[in-house]
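Okay, so here's the structure we're looking at.
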Amino acid sequence: MLNLLDLKISRPGLWFPTIWIYLVPFANQVDYWQSFNFWLGLFFVTFPLNYLVYGLNDLNDVGADAVNDRKGNFLFGAKASKLQLKGVLTKIIVLTTVFVTALTFIAGLKMFLLLVFMVVVNILYNFKPFRIKERPPFEILIQVGYVVTVFFSIELNNLETLPWQTLVYLSLFAFQAHIAGEIMDIEPDLASGKRTTATLVGRKNSKLLMLLILVCESVLVWYWFQDIVLASFLGLFSAFMVLDIFVIFKGRAYTLPEMKLFGYLINISALASMLWVLFSGKLIMA
């Protein structure tokens, strides 16, 4: 039976990437909120999908999570022992099987293949002998798997295919979001012996990489989609990263209150940008 720990494992504070990507194809659509499939898909990409993603992650990261002070809440996820995680894998299998079956019944074989791909990517990411999560820089590149959420949304809701430029932008978005998490986790990852791109290249270089991706996102959004609003927002985020790297934080680790503040601000900005993307429709008009 699911409980509050299971909800915490799914990291509600980090649902925004899957929700954001799921909603992009609905730009310029009308009355989509009246569709059962829309709400079913939206629910799936919140709890069930993130329970799969982060549940498998937690099962394989008990040591790193045990020394990670930002864990243990609904914003950044659970801090659970092996005993507390007992039964989580069974719940993941049951919940995933139920949704794969239901969604395949509704949308057909292509949906089944998309969902199987999602599961396979998470297995490759977390489990030996692959365990891509500790094979820098591939643990960043594999985040392109998040873009499958777009195809899931399109297939379930019978929407138009997106331009390839949109897929490139969403991939950069996924890379940037993952690097941000790695930067926050450098100390606990080092303490537990976990290898990531951030632990190898260091905090400053990781932030510079994130800054480079943000600048690319801003330029591409401006050039490809003529979306001055979203490009300006990304430009402001880039400007903050410059201040972060060279003026405010420099090489110092973020404190727990600072990380929580950033987490809340990211969710607020994600909500605002989702509303803008749905309202403007620019991100699907390359």
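These numbers come from the heavy atoms of this one structure, side chains and all, not from hydrogens, waters or symmetry mates. Residue indices begin at 1 and follow the sequence shown. As the structure is a computational prediction, the values presented were derived from the model and not from experiment.
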Inter-residue atom distance [X].[atom1] - [Y].[atom2], 0.5 Å rounding:
X: Y125; Y: N60; atom1: OH; atom2: CG; result: 10.5 Å
X: L23; Y: L42; atom1: CG; atom2: CG; result: 6.0 Å
X: L4; Y: I9; atom1: CG; atom2: CD1; result: 11.0 Å
X: F225; Y: Y169; atom1: CZ; atom2: OH; result: 9.0 Å
X: L265; Y: K260; atom1: CG; atom2: NZ; result: 14.0 Å
X: S238; Y: L212; atom1: OG; atom2: CG; result: 9.5 Å

Answer yes or no: is there a donor N or O on one side and an acceptor on the other, between the side chain of [X] and the main chain of [Y], under 3.5 Å?
X: W224; Y: V219; answer: no
X: K91; Y: M1; answer: yes
X: Y51; Y: L95; answer: no
X: S232; Y: I228; answer: yes
X: T149; Y: Y146; answer: yes
X: D31; Y: Q34; answer: no
X: K79; Y: N68; answer: yes
X: T197; Y: P136; answer: no
X: N205; Y: V201; answer: yes

| field | Working for salt bridge (Lys or Arg N to Asp or Glu O under 4.0 Å), residues R70 and D185 | value | CA-CA 8 Å; R70 80 180 177 110; D185 286 345; 2.6 Å; yes
Please check if the number of heavy atoms outside [X] that lie under 6.0 Å from its [atom1] is greater than 12.
X: F279; atom1: CZ; result: no
X: F117; atom1: CZ; result: no
X: F43; atom1: CZ; result: yes
X: F112; atom1: CZ; result: no
X: F240; atom1: CZ; result: yes
X: Y32; atom1: OH; result: yes

| request: With side-chain contact (heavy atoms from CB on, under 4.5 Å) as the test, would you mind laying out the steps for V45 and I21 before giving the verdict? | output: CA-CA 9 Å; V45 302; I21 295 173; over 6 Å; no
Note, [X] side chain near [Y] side chain (heavy atom, < 4.5 Å):
X: W15; Y: N267; answer: no
X: V144; Y: V147; answer: yes
X: Y22; Y: F38; answer: yes
X: F99; Y: L40; answer: yes
X: V215; Y: L234; answer: no
X: N28; Y: M285; answer: yes
X: L114; Y: E155; answer: yes
X: T255; Y: E258; answer: yes

| query | Passes side-chain contact (heavy atoms from CB on, under 4.5 Å), I132 versus L141? Steps please. | reply | CA-CA 10 Å; I132 295 174; L141 298 177; over 6 Å; no
Would you say the side-chain atoms of [X] and [Y] include a donor-acceptor pair closer than 3.5 Å?
X: K133; Y: N126; value: yes
X: E182; Y: S206; value: no
X: N50; Y: T18; value: yes

| task | Kindly indicate, with the supporting measurements, whether the criterion side-chain contact (heavy atoms from CB on, under 4.5 Å) is fulfilled by F76 and D69. | result | CA-CA 10 Å; F76 293 124; D69 290 337; over 6 Å; no
What closest approach, in Å, do [X] and [Y] show between heavy atoms, and which atom pair accounts for it?
X: F16; Y: G13; result: CD2-O, 3.6 Å
X: K207; Y: D244; result: NZ-OD1, 2.5 Å
X: F47; Y: L7; result: CE1-CA, 4.0 Å
X: S153; Y: P25; result: OG-CG, 3.9 Å
X: A180; Y: M210; result: CB-CE, 3.8 Å
X: A64; Y: P188; result: O-CB, 3.9 Å

Ion pair [X]/[Y], N-O distance below 4.0 Å:
X: R11; Y: D58; answer: yes
X: D189; Y: R195; answer: no
X: K71; Y: D65; answer: yes
X: K128; Y: E134; answer: no

| What's the verdict on side chain to side chain donor-acceptor pair (under 3.5 Å) for D61 and Y54, showing C-alpha distance, side-chain angles and the deciding distance? | CA-CA 10 Å; D61 262 1; Y54 295 121; over 6 Å; no
| query | Which one of L156, V150, I154 satisfies the side-chain contact (heavy atoms from CB on, under 4.5 Å) criterion with F152? | reply |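 Among L156, V150, I154, the one meeting side-chain contact (heavy atoms from CB on, under 4.5 Å) with F152 is L156.
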| message | Assess the residue pair E139 and T196 against the criterion (side chain to side chain donor-acceptor pair (under 3.5 Å)); give the C-alpha distance rounded to whole Å, side-chain angles, the decisive distance to 0.1 Å, and a yes or no. | response | CA-CA 7 Å; E139 93 285 10; T196 67; 5.0 Å; no
Between [X] and [Y], is there shared hydrophobic-cluster membership here, with clusters defined by ILVMFWY side-chain heavy atoms closer than 4.5 Å?
X: V229; Y: I284; answer: yes
X: L256; Y: L261; answer: no
X: I123; Y: V100; answer: yes
X: F44; Y: I106; answer: yes

| said: For L59 and L89: C-alpha separation, side-chain torsions, deciding distance, then whether side-chain contact (heavy atoms from CB on, under 4.5 Å) applies. | reply: CA-CA 8 Å; L59 287 168; L89 183 57; 3.9 Å; yes
| task | Examine K8 relative to F74 and say whether NZ or CZ is less than 6.0 Å from the centre of the six-membered ring and inside a 45° cone about the ring axis. | result |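 Here K8 passes the 6.0 Å and 45° test against F74.
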| said: Run D227 and W276 through side chain to side chain donor-acceptor pair (under 3.5 Å) and show every step you take. | reply: CA-CA 10 Å; D227 190 339; W276 169 251; 3.0 Å; yes
